[in-house]
Structure formats: C-alpha cells, structure tokens
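Read the numbers this way: they start at 1 and go in the same order the structure lists the ligands and their atoms. Since the structure is predicted, the reported quantities are computational estimates derived from the model, not experimental observations.
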Amino acid sequence: MRIDVVSIFPEYLAALELSLIGKARQDGLLDLTVHNLREFTADRHRTVDDTPYGGGAGMVMKPEPWAQALESVRQDARPVLIVPSPAGAVFTQAMAHELAREEHLVFACGRYEGIDERVLEWAEGSFDVRPLSLGDYVLNGGEVAVLAIVEAVARLLPGVVGNPESLVEESHSDGLLEYPVYTKPSSWRGLDIPEVLLSGNHARIARFRRDEQLRRTASRRPDLLAKLDAGKLTPADLAVLAAEGYTVVHGRMAPAPPSSDS
Ligand code: 6SD
C-alpha cells in the first residue's frame, strides 16, 4: 500500500517511523511519505493561511498550496483522499478494513479553522474524498487523527501483525468489547486473577471470557449491544445479558422493563 500525508507539521508524523508501522515500512509492506504543505507554496513567506470570507475568528488554509500538493502525490486513477474533520463521518473498524484494501491513500491534515471548502470540491474530480472524524471531540488539526487512522489500517495489511490470530478476537470484530486479560504474577498487591483462568478447562475459560465481553459491553457500550443480532446469541449469552438488565425486543437487545418486584 502507498500512503501520502500532507501537513504543515510533518514532524508530528514522525511516530509513524516507530514500532509496527515503522517495521512495515522497513519491510516494504507500506510505502509511506510525509509531505510539508509549505513546499507547495509559491511566495517568499511560504504562506498557507489567510483570513476567512464572511469574517469570524481564526484563519483558513489557502486552496492553491493544497491543489499543488495533491496534484503532486496523485499518480493512479482515483486515490482515496482522507480529510480528518470533526464534521466527517465517524471512522470505524469496518472502514479500516475497507481502506486496507485500497492501493493508495492520501491524507490531508487541516490546521487553523480548516481547509478552504473548494479544495474538497475540486479534489472530487480526481480523488475519492472522505471527510472522517475520530469521534465527537475537537482537535487542533488533522495530524493526530491521521496517526490513528494509519495505524488502524496498516496493522490490517498482510504481514504487518506477526501473528494474524491477534487480529481475529479483537474488540469490534464481533460487535462486543474485548474480555479482560491478566499476566503473572497470579496474585498481585492482594488482587488475584479469576480462578477459572488457572483451571486448564478451555470450555470454562471460553465461557468466562464471553460472559465478560457481554457484561462489559452492556455496562460500557449499550449502543453496541443494541446493534447485535439477538438471533446470533446463545441461551447462555441471553442469560448473562438478562442478569445485566437486557432482553430481546424485535430481534435486538434492549433494556428490560423494570420487574414488578423491584
Ligand atoms: C483544522 C482539523 C482537523 C481540526 C478533528 C477531527 C476530530 N475527530 N476532531 N477534531 C479535527 C481535524 C480538527 O483541522
């Protein structure tokens, strides 16, 4: 996969030289280049921003440096152009899987009040433009979102994660949060690991972990629970969720009505 990132703070993306992603680049699995937007300016001061039409606070990124930068990185037919923005669709694991199948991703990191909107309109001509949000909170620019999205996508590329089995059981792969994990020592500062994990009984361990996934999801992410197909849950699953106050309504999990004895 080829990835180009355009930013006025290319040093911010230095983290992509570390760990798994850095190794994937060294191994030739990922061809990632970070570009400084200022290299695509034509004035003495390398100006990338200007005041907003219509007034208001802050500055807006000028369109022409962006057009120059994006034209310089585009080589194939229609690369995906990802523009981090709090006004984008929320990035999900399903999108990470879709993006991992692309040949070429380009990331445009905004700063200040954002990029002149006409850049996105113009880019539609030669890119598949995707404004994406990491979540409902406001960052100062697109760089942190790019770090997150590139890591989420690159780890799905063939050969990047050493043991591909570690990709299978993860959070969101089956719509449930992950089960808790423990390592040695088995007793630490007065806290013991759940005894079932020492039992050697693999069926009991699998049941314990599934129960923990269901309990955690019910208490921390009821929004995820509501998306599950109740038809894919076993009687044992439904019993755990009933204990957490959930019942099947129209084939989905929903909070159970308060019982008459409570
Ligand atoms: C000015 C940006 C780009 C400012 C952002 C993305 C998310 N999820 N929150 N904030 C963001 C992206 C903010 O450029």
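For atom 11 (C) of ligand 1, the nearest non-hydrogen atom of the protein is Pro86 CD, 3.4 Å. The protein atom (non-hydrogen) at minimum distance from atom 10 (N) of ligand 1 is Leu139 N, 3.0 Å.
Put simply, the side chain of Cys109 reaches to within 4.5 Å of the side chain of Val5, judged on heavy atoms. Using a 4.5 Å cut-off on side-chain heavy atoms (C-beta onward), Val106 and Leu70 make contact. With a 4.5 Å cut-off on side-chain heavy atoms, Phe107 and Ser7 do not count as touching. By the 4.5 Å heavy-atom criterion applied to side chains, Pro84 and Leu132 are not counted as neighbours.
Judged purely by atom type and a 3.5 angstrom limit, Arg252 uses its side chain to pair as donor or acceptor with the backbone of Leu228. No donor-acceptor pair under 3.5 Å is formed between the side chain of Asp27 and the backbone N or O of Leu29. Of the possible donor and acceptor atoms, none in the side chain of Arg155 sits under 3.5 Å from a partner among the backbone N and O of Ile21.
Listed by number with element, the atoms of ligand 1 under 4.0 Å from a non-hydrogen atom of Leu134 are 8 (N). The distance from ligand 1 to the heavy atoms of Tyr137 drops below 4.0 Å at these ligand atoms: 7 (C), 8 (N), 9 (N), 10 (N). Near Gly110, the atoms of ligand 1 lying under 4.0 angstrom from a non-hydrogen atom of the residue are 1 (C), 14 (O). Every atom of ligand 1 is numbered from 1 in the order shown, and the set under 4.0 Å from a heavy atom of Val138 is 9 (N), 10 (N). Counting atoms of ligand 1 from 1 in the listed order, those under 4.0 Å from a heavy atom of Gly135 are 8 (N). Counting atoms of ligand 1 from 1 in the listed order, those under 4.0 Å from a heavy atom of Tyr112 are 1 (C). The Pro84 neighbourhood of ligand 1 comprises atoms 3 (C), 12 (C), with distances under 4.0 Å to a heavy atom of that residue. Heavy-atom proximity to Ser133, at under 4.0 Å, picks out these atoms of ligand 1: 8 (N).
Applying the side-chain contact (heavy atoms from CB on, under 4.5 Å) test between Leu13 and each of Thr33, Val34, Leu32 identifies Val34 as the sole match.
Under 4.0 angstrom from ligand 1, there are no non-hydrogen atoms of Cys109. Under 4.0 angstrom from ligand 1, there are no non-hydrogen atoms of Ala145.
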